[in-house]
Q: 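I'd like to ask you about the structure that follows.
Chain letters run A, B, ... following the sequence lines, proteins first and then strands; every chain starts at 1. The figures here come from the full heavy-atom set of this structure, side chains too, leaving out hydrogens, waters and symmetry mates.
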Amino acid sequence: MKSINKYIFIFSLETLMFCIGCGGYYYAEKTYWHVNRKHGETIRTPAEAAEKEFHQTINALKKIVSGYPTWGRSAKIQFHIGEMYIARKDFGNARKELMEVVMNFPEKQELCAQAQFLIGTLFEKQGNWKEALHNYEELVERYPNTIVGLQVPLYIAHYYQRHNMKTESEKAYANAVHKYVNLIEMNPYDKQVPVIQHFLVLAHRRQGKWNELVDILQRMVDKYPNTEAAPLTLHRMAAICRDILHNSDKAKDLYNRIILKYPNSRLQKDAQLQLANISILQRSDVEQAKKEFRNIQEKYPDN
Amino acid sequence: MNMGRKSFLTVFTIWRRILTLLRQHPVIFIPSILLAVLDTVMLTTLFLSPWPPFSAVLAPIIRTFWGEQFLHYPANFLLLPELFSLARNGTGPIVNVLFTGVTVSLAHQAYINLLPRWGAGVKKAVKKYVRLAVVGSITIGLLLLLIRILRYPSFVIWRSPELTFTIEFLLSIAIQMLFVFAIPSIIVENKKISAALLRSFSLLRKHPWITLFFVMAPSSLLIPFNYIYAKLPLLMERSFPEITLFVLANHILVLTFIDCFVTLSATVLLLAHRDAETGSVIL
């Protein structure tokens, strides 16, 4: 009797597993495929769709999102619903739908950041910069490590710059720089440091504050010489010194530092090549350049 | 009587004989039905590969060799014919040969006016299973090898799908013709592997046109399927992806008919040839 019960239990478990599988994402994919086939044109160009067709499409898409909320694509579909309303200039509903992304899919950080950014731009389109700014600031606070979260401080500063609001613009750039430096300081060994550094460079480039940037980067390398980003930081500094500040000696010094201190870095070869180029340009020192090029050939015979 | 007319008549004589045997002893058809059931189970399992518990085994294989997208709707239906063909090629030398052996044994019993006994047929096929499996492996292995060579990328001439299908079809007919008498001669004449293969070649040499006809005529029913599979994405787009299952189910039905008819034709021809050799019947 016991063994029969055991078999019944195993069979029930198998059936349950099977049913869970059947009711899972496969049917979400299937439903989405059929919706896409039926309403594909409206999904792609919602602005041109008839009112009835548009609402049918929205309902069909919403049904998928509510029916399969844990399906990987549901968040993107919800986001697209918001975009569809934007295309039809129905900003109220667009905001509502994009807010659903932020509220219901918090694990999709990048998408949530994009949704919140779009909400901000909607306020901007309606001329409500105050509310837009509030949204952007909230975004930066909520999703600081997303690409959108990193872009937004610069976006705010650029907005002021475009509108000739010099004081606000300078303050916003200073805020952005402060934010980026803080993010790097918080986790200097993070793989995202080169990306944050890129935004740091952008912030200074837009203001033309190159010397300040070199100082910041120099401090970072001195403070964290053993991070993965250190050789890249030196390389960035060297390029700025050579091409913008026209300080070839400092650039050479920085390239030499990469060669000596980071022998395993993938930037080694380029640093050596740049050194050779500087030798030619700086003093027309052909012999020195030849020596550098020979070094490269010896070190990298296959390339 | 000239040779061509004699061969033409003999093919229809063989088919008439097969139909009589099947009408009198429907049990001969049972192994083919079982094989169709097995194919259906296999197809169902492959169709269910994205779901647990089947996904535990099949999903990693599909993911590794074809890619993640083939575990999702509707791309899973695009892969289904290829998976089914691979699975059938894999089970062919292991399972299908056994059922073919049973069919031959039952047909042999009926041919010599005995009442076909299922148990005796299975016993005989199981006893000679290794030989049957080796012959099955040689047949499928050779066919796959030749198709692989044919599909070698440098053969630019075969880049046209229609031409490739035609050549692959003719190749499969040629290979089937070469080995079609091997299993009947193992079961009926109790031949060893090499002797069975030689017997198959010798019978083919003696009856090339009849063999060609009884292999090619039913097999030509497969041609439309090849063209459907080539146009499958379009068909799925215009109807619905699940149509692949319908096509494959029909493919199984046709395969069942072809396998049964070709096997029985080869068996009856072998038996008739034996009768002719012993002088009891003039072929």
Side-chain angles (χ1 to χ4, degrees), chain A residues 5-45 53 56-57 60-80 105 107-108 110-111, chain B residues 37-84 87 228-229 231-249:
Chain A
N5 282 343
K6 196 173 90 183
Y7 284 121
I8 290 171
F9 174 73
I10 290 170
F11 180 74
S12 311
L13 198 70
E14 286 279 314
T15 314
L16 185 72
M17 274 173 72
F18 183 72
C19 291
I20 290 168
C22 282
Y25 304 141
Y26 186 84
Y27 282 93
E29 289 164 4
K30 187 176 168 176
T31 315
Y32 182 60
W33 189 84
H34 284 282
V35 168
N36 220 339
R37 192 163 76 153
K38 195 174 173 192
H39 305 288
E41 199 55 43
T42 311
I43 292 172
R44 278 186 293 276
T45 49
E53 163 62 16
Q56 276 177 352
T57 310
L61 290 173
K62 275 187 167 181
K63 224 172 171 178
I64 297 172
V65 177
S66 59
Y68 311 98
T70 53
W71 180 40
R73 216 180 246 180
S74 285
K76 267 198 167 171
I77 295 172
Q78 181 62 45
F79 183 81
H80 192 66
F105 304 97
E107 72 284 0
K108 307 265 178 192
E110 204 63 60
L111 201 68
Chain B
V37 171
L38 251 165
D39 279 346
T40 311
V41 169
M42 201 158 67
L43 177 63
T44 312
T45 309
L46 293 172
F47 165 62
L48 295 173
S49 56
W51 288 283
F54 305 102
S55 59
V57 179
L58 294 170
I61 299 170
I62 294 171
R63 200 173 286 124
T64 310
F65 290 104
W66 291 278
E68 176 71 32
Q69 74 269 29
F70 291 105
L71 286 167
H72 300 278
Y73 189 92
N76 60 325
F77 287 104
L78 279 176
L79 186 65
L80 212 50
E82 193 181 338
L83 282 180
F84 179 68
I228 290 173
Y229 293 140
K231 308 273 178 209
L232 200 57
L234 190 73
L235 185 70
M236 279 167 58
E237 189 60 42
R238 292 212 174 146
S239 53
F240 46 90
E242 287 81 357
I243 198 153
T244 314
L245 277 179
F246 177 74
V247 175
L248 279 166

Q: Kindly determine whether Trp71(A) and Glu29(A) satisfy side-chain contact (heavy atoms from CB on, under 4.5 Å), including the steps that lead there.
A: CA-CA 9 Å; Trp71(A) 180 40; Glu29(A) 289 164 4; 3.7 Å; yes
Q: Closest approach of Gly72(A) and Lys108(A), non-hydrogen atoms and distance?
A: O-NZ, 3.5 Å
Q: Tabulate, in ascending numerical order, the residues of residues 231-239 of chain B having at least one heavy atom closer than 4.5 Å to a heavy atom of chain A, or enter 'none'.
A: Met236(B), Glu237(B), Arg238(B), Ser239(B)
Q: Taking the side chain as every heavy atom from C-beta outward, state whether Leu71(B) and Trp66(B) have any pair of such atoms under 4.5 Å apart.
A: no
Q: Are any non-hydrogen side-chain atoms of Arg37(A) and Trp33(A) less than 4.5 angstrom apart?
A: yes
Q: Of all the residues in residues 73-80 of chain B, which have a heavy atom that comes within less than 4.5 Å of a heavy atom in chain A?
A: Tyr73(B), Pro74(B), Asn76(B), Phe77(B)
Q: So, for Tyr32(A) and Ile64(A), which heavy atoms are closest and what is the spacing to 0.1 Å?
A: CA-CD1, 3.6 Å
Q: What verdict does the side-chain contact (heavy atoms from CB on, under 4.5 Å) test give for Leu58(B) and Leu83(B), after you've listed the backbone C-alpha separation in whole Å, the side-chain angles of each residue and the deciding distance to 0.1 Å?
A: CA-CA 11 Å; Leu58(B) 294 170; Leu83(B) 282 180; over 6 Å; no
Q: Taking it one step at a time, do Val41(B) and Thr45(B) satisfy side-chain contact (heavy atoms from CB on, under 4.5 Å)?
A: CA-CA 6 Å; Val41(B) 169; Thr45(B) 309; 4.2 Å; yes
Q: Do Glu53(A) and Thr57(A) meet the criterion of a side-chain donor-acceptor pair at a distance under 3.5 Å?
A: yes
Q: Search all heavy atoms of Pro60(B) against all heavy atoms of Val57(B) and return the closest pair with its distance.
A: CD-O, 3.4 Å
